Amino acid sequence: SDDAQRQLTANFLQNVDIAQRGGVLASPDKTVPGGGSYYFHWMRDAALTQRAVMKSISNQTSPAEIDVRLRHYVTWVLNAQADSDPHNIDVRIEPKFTLPDGPV
């Protein structure tokens, strides 16, 4: 139904553009049974998510809103990949980045 589709889209978008700063959240759950967490921004998955965002909300959202979301995402990626690593490793080889509890 249309209502179910709108709810699905709303749930999906809650994990995209976290705090309007561009991060894409793999899972809002910080504790996974058996230990661990998926509270990360995974580069490949985030890129695929952005593609899905463009396709899935393009008929429900203005092009300007999609543009804002994509600009946030690109800015987040550029900032995350420009961070220095405390172990002097090139952070661009890391597939995932931590999303802080505060500003992303």
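Remember, it's a predicted structure, so these values are computed and weren't measured experimentally.
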*asked:* One pair to check against side-chain contact (heavy atoms from CB on, under 4.5 Å): Q20 and V68. What are the steps and the verdict?
replied: CA-CA 9 Å; Q20 292 75 49; V68 167; over 6 Å; no
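- With rounding to the nearest 0.5 angstrom, the OG1 atom of T49 is 13.0 Å from the CH2 atom of W42.
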*Let me see the working for D45 and K96 under side-chain contact (heavy atoms from CB on, under 4.5 Å), right down to the final yes or no.*
CA-CA 9 Å; D45 296 352; K96 70 178 190 270; over 6 Å; no
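- Between V24 and Q50, the closest heavy-atom pair is CG2-NE2, 3.3 Å.
- Residues F97 and A80 share a closest heavy-atom pair of CE2-O, 3.5 Å.
- Following chains of ILVMFWY side-chain contacts shorter than 4.5 Å, one can reach I66 starting from L13, so the two form part of one hydrophobic cluster.
- Under the rule for a side-chain hydrogen bond (donor to acceptor under 3.5 Å, both in side chains), T75 has no partner lying at least two apart in sequence or in another chain.
- Looking at D3 and Q7, their side chains never bring a donor and an acceptor atom within 3.5 Å of each other.
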_side-chain contact (heavy atoms from CB on, under 4.5 Å) evaluation trace for Y73 with H41_ = CA-CA 11 Å; Y73 168 71; H41 173 105; 3.9 Å; yes
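- For the atom pair CG of L70 and CD of E65, the computed distance is 10.5 Å after rounding to the nearest 0.5 Å.
- Of all the heavy atoms in R69 and V16, the pair that sits closest is NH1-O, 3.8 Å.
- Put simply, CD on Q14 and CG on L25 are 10.5 Å apart, with the number rounded to the nearest 0.5 Å.
- In this structure, A52 and F12 approach most closely via the heavy-atom pair CB-CZ, 4.2 Å.
- Salt-bridge annotation for D67 and R71: present, with a side-chain N of the basic residue lying under 4.0 Å from a carboxylate O of the acidic one.
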